[in-house]
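Bear in mind the structure is a predicted one, so any value in this text is a computation, not a measurement.
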Amino acid sequence: MSQIAFQLRQFAQRMWFLPAAFSAVAVASIAIAYVLAQFAPDSLPFTVPSSGLMSILTILASSLLTVAVFALSTMVSALVSASSATTPRAVPLIIGDRSAQTSISVFIGAFLFSVVGIIGLSSGIYSEAGRLFLFAVTLAVLLLVVTALIRWIGQISAIGRVGHTIDRVEKAARDAFKTLSAHPCFDCVEQVVAPEGMAIPARDVGYVQHFDAGVLQRIAEEHDLKVGVMARPGAYVGPDRPLLRVSGVVPDEAVDALLGAFVLGDSRTFFSDPRFGLVVLGEIASKALSPGINDPGTAIDVIGTLVRVLVTRPPEADSDPDGDGKPRYDRVSVAPLDPADLIHDGFRPIARDGAGTIEVVLRLLVALRMIAAANPMLEEPAMAMARDAAARARQALTAESDLAVLEEASDFARETKARPRKTAK
């Protein structure tokens, strides 16, 4: 994805964007009704009196303002609930929920449509044909409002709840892995060994949110360079950490252009950073296991979600989309995701904070065993995490019965650790 497309995506996910777009469409529909009336025939099958149309628009304007305020207050309450019950890092997913944004946008857009329509009727700018077109548009808007209101009734029963928030984070993580699967290593060369060359550090402090591989490829071709990306999206960088290592003669103007291909921000994003979804799921489970909340059931739910995300992670597609024997950006290399990081991001907080709860520990061991059996790349880090979780639980649990169950459940990790490796014949 280009840098412009990434910025537009971030811009479109802001909460005010869709209501503003719907409001613009509402105002444009009033103008379109006026223009279309100029091409209407002289004789119409029926006419709509101004008083009747004014009454409908007045009812819409007076009621939809209250509905819009109620919807916004419900959204704010959901954001507060999600932030306190789960984690503040999940709030952007609720803000960016298109279904909730669409309902609120319909209410605000229909309110603005009604107000502008009342102004137009009061000023007498509409002819009989104009009022007929405006009446047709008003019926369509009324249908949209009723549909949005029914949908909103179903949404307010779930939005902001812990289960809904977990589902949103799971979807974000799945989408990120799906995007990465379709574009392995961002369509760049996979780094097998650490790249060498001139280190170019970040000039600002923040998280890498995105980088434009196409821009890096173009600069590398212009100056005959090889570019190694040292910080994937999600990495925390600063002047002490190189973003890139470039081999070749690097002009000063090329350094600025290379750094300009990166987008840094104060927080991580879900789109280009699949690990962030796992981190947020781990935070939700960790908060549920805190003494103030003490909800092991939510932690067990998160464990199941992590298993689904990692086990059903789609395999990476061919890195040669053009069929010419090389990746699309053959002068840019990117390190693949470390399997150990995927396990640590989601399960280490649960292993740490759930060590004293045998139900959580048992479910955690079952989940890690399942992941190890389903994905060979994750087998070794999953087994290492199982041994770590068992060691933490041995120190936290005191009941003899719990310790006995723990030893039985963690046998598979010890056996795997001691299993001799097969030698090639």
Side-chain angles (χ1 to χ4, degrees), residues 1-14 17 92 175-176 179-276 316-338 341:
M1 176 181 288
S2 66
Q3 196 172 62
I4 296 178
F6 176 79
Q7 296 286 9
L8 289 177
R9 179 187 176 89
Q10 297 296 106
F11 185 78
Q13 288 183 338
R14 295 180 182 177
F17 176 80
D175 291 344
T179 301
L180 185 64
S181 173
H183 304 277
C185 291
F186 304 94
D187 294 329
C188 302
V189 179
E190 180 179 338
Q191 288 182 8
V192 180
V193 296
E196 299 178 352
M198 172 184 174
I200 302 179
R203 293 175 180 171
D204 298 322
V205 177
Y207 291 96
V208 177
Q209 296 181 341
H210 182 72
F211 72 90
D212 193 334
V215 172
L216 297 178
Q217 174 76 10
R218 176 178 55 80
I219 298 171
E221 290 176 348
E222 289 178 357
H223 302 280
D224 192 21
L225 306 173
K226 290 290 186 179
V227 179
V229 177
M230 304 298 294
R232 292 177 58 101
Y236 189 69
V237 297
D240 64 329
R241 179 173 181 179
L243 277 178
L244 304 161
R245 282 194 176 273
V246 184
S247 59
V249 180
V250 187
D252 293 339
E253 63 272 13
V255 173
D256 295 333
L258 290 170
L259 290 176
F262 286 79
V263 179
L264 302 185
D266 296 334
S267 59
R268 299 171 71 171
T269 60
F270 290 91
F271 177 70
S272 301
D273 182 13
R275 288 181 55 191
F276 189 43
E316 293 187 355
D318 188 4
S319 59
D320 180 21
D322 300 327
D324 55 359
K326 60 182 180 180
R328 180 172 301 166
Y329 307 119
D330 60 324
R331 289 180 172 268
V332 183
S333 63
V334 179
L337 286 173
D338 187 349
D341 290 336

### Message
For a quick test of reading the model, state the closest non-hydrogen atom pair linking A261 to V215 and the distance between them.
### Response
CB-CG1, 3.9 Å
### Query
Can you find a pair of side-chain heavy atoms, one from V229 and one from V334, that are under 4.5 Å apart?
yes
### Query
Is there a donor-acceptor pair under 3.5 Å between the side chain of R268 and the backbone N or O of Y207?
no
### Query
Is a side-chain donor or acceptor of Q209 paired with a backbone partner of F271 at a separation under 3.5 angstrom?
no
### Message
If I take atom CD from residue Q217 and atom SG from residue C188, how far apart are they, to the nearest 0.5 angstrom?
### Response
8.0 Å
#### Entry: Heavy-atom side-chain proximity of P239 to V205 below 4.5 angstrom
yes
### Message
Restricting to non-hydrogen atoms, name the atom on E196 and the atom on S247 that form the minimum distance, rounded to 0.1 Å.
### Response
O-CB, 3.9 Å
### Message
Would M198 and V255 count as a side chain to side chain contact (heavy atoms under 4.5 Å, CB included) here? Give the steps.
### Response
CA-CA 10 Å; M198 172 184 174; V255 173; 4.2 Å; yes
### Task
Report yes if some heavy atom in the side chain of L244 is under 4.5 Å from a heavy atom in the side chain of F262; otherwise report no.
yes
### Task
Quick one: pull up CG in L180 and CG in D273 and give me the separation to the nearest 0.5 Å.
10.0 Å
#### Entry: Pairwise distance OH(Y236) to CG(L264) - rounded to 0.5 angstrom
10.5 Å
### Criterion side-chain contact (heavy atoms from CB on, under 4.5 Å) against R331, the qualifying member of I219, D224, V189
D224
### Message
Could you tell me if the side chain of L216 sits less than 4.5 Å from the side chain of Y329, heavy atoms only?
### Response
no
### Query
Atom OG in S272, atom CZ in F186: separation rounded to 0.5 Å?
5.5 Å
#### Entry: Flag, side chain of R241 to backbone of A202, donor-acceptor distance under 3.5 Å
no
#### Entry: Between CG on residue L243 and CZ on residue R232, distance to nearest 0.5 Å
14.0 Å
### Query
Within a strict 4.5 Å, meaning less than it, do heavy atoms of the L337 and R275 side chains meet?
yes
### Message
So that I can tick it off, tell me whether D256 and R203 are bridged by a salt bridge, with the cut-off set at under 4.0 angstrom between side-chain N and carboxylate O.
### Response
yes
### Task
Might you point out which heavy atoms bring K226 and D330 nearest each other, and give the distance in Å?
NZ-O, 3.7 Å
### Query
Does a side-chain heavy-atom distance below 4.5 Å link M230 with V237?
no
### Message
Tell me whether E222 at atom CD has more than 12 heavy atoms from other residues, nucleotides or ligands lying less than 6.0 Å away.
### Response
yes
### Task
Could you pull out the closest heavy-atom pair between P195 and R245, with the gap in Å?
O-CD, 3.3 Å
